[in-house]
Amino acid sequence: MDMQVLLWCWLAAFGAFALGFWTRSRIKRERAAASGSGNWQTVEGVIEESHLEAEDNSESWGTKVQPRVRYAYQVNGTAHTGTNPTRYPEFAIWEEAGKKWLDAHPVGARVPVHYDAADPAQSALVLNKSQASAGYMMGEWMMYAIGAFLLVIPFIV
């Protein structure tokens, strides 16, 4: 086995493992944010505006929409306005789910608003998990598998 090939395989394996560990740290950060860890509190707010915005897509089996909302809430006597339906504001859902979301959040409805106690201007109606978490987890394990393969391949060939 050529020593240069062995070195390149091991360097690539190291890179794959490093990317896997970076992905793991990103998953942990997203889960911490999604679970509301930190110091998120809840107050009552009022929906001032609520509608669906169609997302540009070419999927033939349905239309994706993004809920757009504006809500008012108070923290320690200070008025705030929020626009994030979820902790991850740029999410899209299928139109039917969007209609259900809209029905549950009509203008004038009183809703729980979650806010960051360290920065009450940061708020969301739902503290949810990132939709990217599962993809990151799959990517993490793929990087580990590629790294392991690159460590072993020089000895097989």
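Hydrogens, waters and symmetry mates play no part in the numbers below; they use all other heavy atoms, side chains included.
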Any link between F17 and L6 through a network of hydrophobic side chains (Ile, Leu, Val, Met, Phe, Trp, Tyr) touching at under 4.5 Å? yes

Nearest heavy-atom approach of H105 to L125 is CD2-CD1, 4.0 Å

Does atom CD of E44 have more than 12 heavy-atom neighbours, drawn from other residues, nucleotides or ligands, at distances under 6.0 Å? yes

Shortest non-hydrogen contact between R110 and V46, atoms and distance: NH1-CG2, 3.1 Å

Mind listing the closest non-hydrogen atom pair of Q74 and A79 along with its distance? CG-CA, 4.0 Å

Would you call L151 and W10 a side-chain contact if the rule is heavy atoms closer than 4.5 Å? yes

Would you give the length of the straight line joining atom CD of Q66 to atom NE2 of H51, rounded to the nearest 0.5 angstrom? 10.0 Å

side-chain contact (heavy atoms from CB on, under 4.5 Å) assessment of T81 paired with R70: CA-CA 7 Å; T81 300; R70 188 178 74 234; 3.4 Å; yes

Check for a donor-acceptor pair, side chain of Y71 on one end and backbone N or O of N84 on the other, with a separation under 3.5 Å. yes

Does L150 belong to the same Ile/Leu/Val/Met/Phe/Trp/Tyr cluster as W22, with side-chain heavy atoms less than 4.5 Å apart forming each link? yes

Minimal heavy-atom distance between I146 and A16, with the atoms involved, is CG2-CB, 4.2 Å

Going from CZ on F14 to CG on L19, what distance comes out if it is rounded to the nearest 0.5 angstrom? 11.5 Å

Going from CZ on F21 to CE on M143, what distance comes out if it is rounded to the nearest 0.5 angstrom? 13.0 Å

Just so I know, are the side chains of W101 and V65 near enough to count as touching, which here means a heavy-atom distance under 4.5 Å? no

Provide the closest heavy-atom pair for Y115 versus T42 in the form atom of the first, atom of the second, distance. CE2-N, 4.1 Å

Do L102 and P67 have side chains that get closer than 4.5 Å, going by heavy atoms? no

Please report the shortest heavy-atom distance between I47 and S50, naming the atom on each side. CG2-CB, 3.8 Å

Above 12 or not: heavy atoms from other molecules or residues under 6.0 Å from CG of D103? yes

Under 30°, 30 to 60°, or over 60°: which ring-plane class applies to W141 and Y144, parallel, tilted or perpendicular? perpendicular

Is there a donor-acceptor pair under 3.5 Å between the side chain of S123 and the backbone N or O of G82? no

